[in-house]
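Before any comments, here is the structure.
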Amino acid sequence: MPPEALAANNAELVERLHLLDAGMLKRAALLLFHEDPERWFTGAYVKVGMFRTNADLLYHDEIHGDLFAQMERTIEILRTKYMIAWITYEGVQRVETYPVPEAALREAVLNALIHKDYTSGGPIQISVYADHLMIWNPGQLPNRWTAETLLKKHSSEPQNPDIAQVFFRTGLIEAWGRGFERIVEACRSAGTTLPEVRHDGSGLWTEWHWQQPEVTPPATPPATPPATPPATPPAAPPAAPPVTPPVEAVLRVLGEGHPLGNAALRARLGLKDRHHFREHHIQPALDAGLIEMTIPDRPNSPAQKYRLTKKGANLLTATPKRGPL
């Protein structure tokens with residue numbers, strides 16, 4: 001939109017986006033901009049789950065709010081909590097690769113939000129496993145289309161044209177029906193597997209499958225036994241307890257040696273949601289005794305900061321880095 005249009009007030013902007021009908025807001029306006037569209041559309045949110053098997057759910061999250069907030073928070077939580085980067089090296093250069101490139105993941109989430117059937121009553125569902133990711137979006141394909149149609153040149157026939165038009169105005173999508181083509185291009189550019197697309201009659205599945213890279217431990221020369229073996233072999237050090245990716249990210253930032261407050265930590269990690277950050281990053285680290293407050297007698301102090309404990313520092317040393325902060 002031209003700069004002068006963005007200087008308009010909210011009412012004028014909604015009208016210029018063609019989100020009014022006879023002076024009344026269209027349903028698309030509520031989905032796009034209202035903080036709680038579920039008041040009018042049951043299931044207008046995104047559900048994300050981490051599974052060990054189809055029957056074994058490890059943990060899950062729900063992402064609510066307007067469609068723009070759902071898009072940003074879904075991408076953020078998938079990248080920071082659910083997906084782990086593969087670490088390789090080119091010489092001394094560390095290389096981090098995700099099984100699903102961020103550009104492809106963003107395009108897939110955008111497509112799901114824009115083309116969802118919001119009368120279905122069900123949320124968008126994203127299931128993450130160790131070796132694959134599945135996105136299910138309730139809705140129907142245009143007449144005479146198949147899932148294969150989406151992966152080749154096709155016309156633009158959005159399920160929700162008003163929603164698609166607004167996202168186009170933001171520059172987040174194109175108006176040529178190239179969403180899945182851009183997903184394929186992003187995967188090929190990153191050298192990762194291409195998605196599989198299928199329609200089951202009630203919704204569209206977009207799936208990525210991958211194989212975990214094999215890790216070859218470095219060769220260790222056989223140890224020469226001592227001339228006089230000790231009477232009692234030394235006890236093996238205790239195994240470090242597992243740490244979740246969100247907690248690991250906090251430990252690595254604080255491991256740089258400077259206490260940081262909530263806002264500074266979120267800025268370093270690229271996170272915006274204060275509640276999500278507290279629940280999944282800070283509180284588990286505090287409960288486990290891995291970090292501590294600099295002002296423990298005033299936990300809500302505006303000057304409150306966090307620092308590593310000795311236990312946290314030891315665990316950080318014993319935990320191999322799994323992905324970017």
Side-chain angles (χ1 to χ4, degrees), residues 27-51 57-84 98-129 132-139 159-160 163-164 166-167 170 172-173 179 183 195 202-208 244-247 249-250 262 265-267 269-284 323-324:
R27 291 174 293 178
L30 301 174
L31 288 163
L32 285 160
F33 298 119
H34 198 278
E35 63 181 10
D36 185 18
E38 293 168 70
R39 288 176 57 185
W40 296 275
F41 301 92
T42 300
Y45 66 96
V46 179
K47 181 188 294 186
V48 183
M50 186 73 195
F51 292 82
L57 174 66
L58 299 176
Y59 50 85
H60 76 280
D61 289 275
E62 293 181 356
I63 298 93
H64 302 268
D66 63 76
L67 295 191
F68 291 99
Q70 289 186 39
M71 177 196 68
E72 293 294 344
R73 293 171 186 166
T74 299
I75 298 298
E76 178 182 290
I77 199 171
L78 284 172
R79 296 277 290 181
T80 60
K81 183 177 179 180
Y82 284 83
M83 301 187 70
I84 297 176
Y98 280 91
V100 181
E102 183 175 6
L105 187 63
R106 177 175 292 273
E107 196 71 34
V109 171
L110 273 168
N111 272 279
L113 290 168
I114 292 170
H115 299 293
K116 176 187 174 181
D117 177 5
Y118 285 96
T119 67
S120 66
I124 294 169
Q125 299 175 33
I126 303 178
S127 304
V128 185
Y129 300 75
H132 64 287
L133 178 146
M134 309 168 68
I135 300 177
W136 180 76
N137 178 39
Q159 172 91 19
N160 306 294
I163 293 176
V166 172
F167 272 93
T170 68
L172 290 170
I173 67 169
I183 292 174
S202 62
L204 187 73
W205 290 92
T206 305
E207 305 178 16
W208 279 269
T244 64
V247 171
V250 171
N262 187 294
L265 275 170
R266 285 188 289 113
L269 296 173
L271 303 177
K272 299 177 182 178
D273 192 321
R274 178 187 294 269
H275 175 76
H276 170 80
F277 180 69
R278 177 75 186 181
E279 180 179 354
H280 296 287
H281 293 70
I282 293 297
Q283 197 58 51

### Query
Got more than 12 heavy atoms from elsewhere within 6.0 Å of CZ, Arg278?
yes
## Note on the structure
Quick note, salt bridge (charged side-chain N to carboxylate O under 4.0 Å, His left out) partners involving residues 105-119, not counting sequence neighbours, are Glu72-Arg106, Glu107-Arg182
### Task
Decide side-chain hydrogen bond (donor to acceptor under 3.5 Å, both in side chains) for Lys81 and His280; before the verdict, give the C-alpha distance in whole Å, the side-chain angles of both, and the deciding distance to 0.1 Å.
CA-CA 9 Å; Lys81 183 177 179 180; His280 296 287; 2.9 Å; yes
### Gap separating the OH atom of Tyr82 from the OG atom of Ser127, nearest 0.5 angstrom
10.0 Å
#### Entry: Axial cation check for Tyr98 ring with Arg79, 6.0 Å and 45° limits
yes
### More than 12 heavy atoms from other groups under 6.0 Å of CD on Glu35
no
### Query
For the atom pair CD (Gln125) and CH2 (Trp205), what is the distance rounded to the nearest 0.5 Å?
7.0 Å
### Query
Can you list the residues that meet the ring-ring contact (aromatic ring centres under 6.0 Å, His included) rule with Tyr129, with sequence neighbours excluded?
Phe51, His132
### Task
Calculate, to the nearest 0.5 Å, the distance between atoms NZ and CG belonging to Lys272 and Leu269 respectively.
14.0 Å
### Task
Start with the C-alpha gap between Asp61 and His276, add the side-chain angles, then the distance that decides, and say whether side-chain hydrogen bond (donor to acceptor under 3.5 Å, both in side chains) holds.
CA-CA 10 Å; Asp61 289 275; His276 170 80; 4.5 Å; no
### Separation of Leu133 CG from Met83 CE (nearest 0.5 Å)
5.5 Å
### Task
Check side-chain contact (heavy atoms from CB on, under 4.5 Å) between Glu38 and all other residues, then give those that pass, not counting sequence neighbours.
Asp36, Ala44, Tyr45, His64
### Task
Return yes if some donor-acceptor pair links the side-chain N/O of Thr74 with the main-chain N/O of Met71 below 3.5 Å, else return no.
no
### Query
Counting N and O atoms only, with roles assigned by atom type, does the side chain of Tyr118 sit under 3.5 Å from a partner on the main chain of Leu113, one being a donor and the other an acceptor?
yes
#### Entry: Distance, nearest 0.5 Å, that separates OG1 of Thr170 from CG of Leu110
8.0 Å
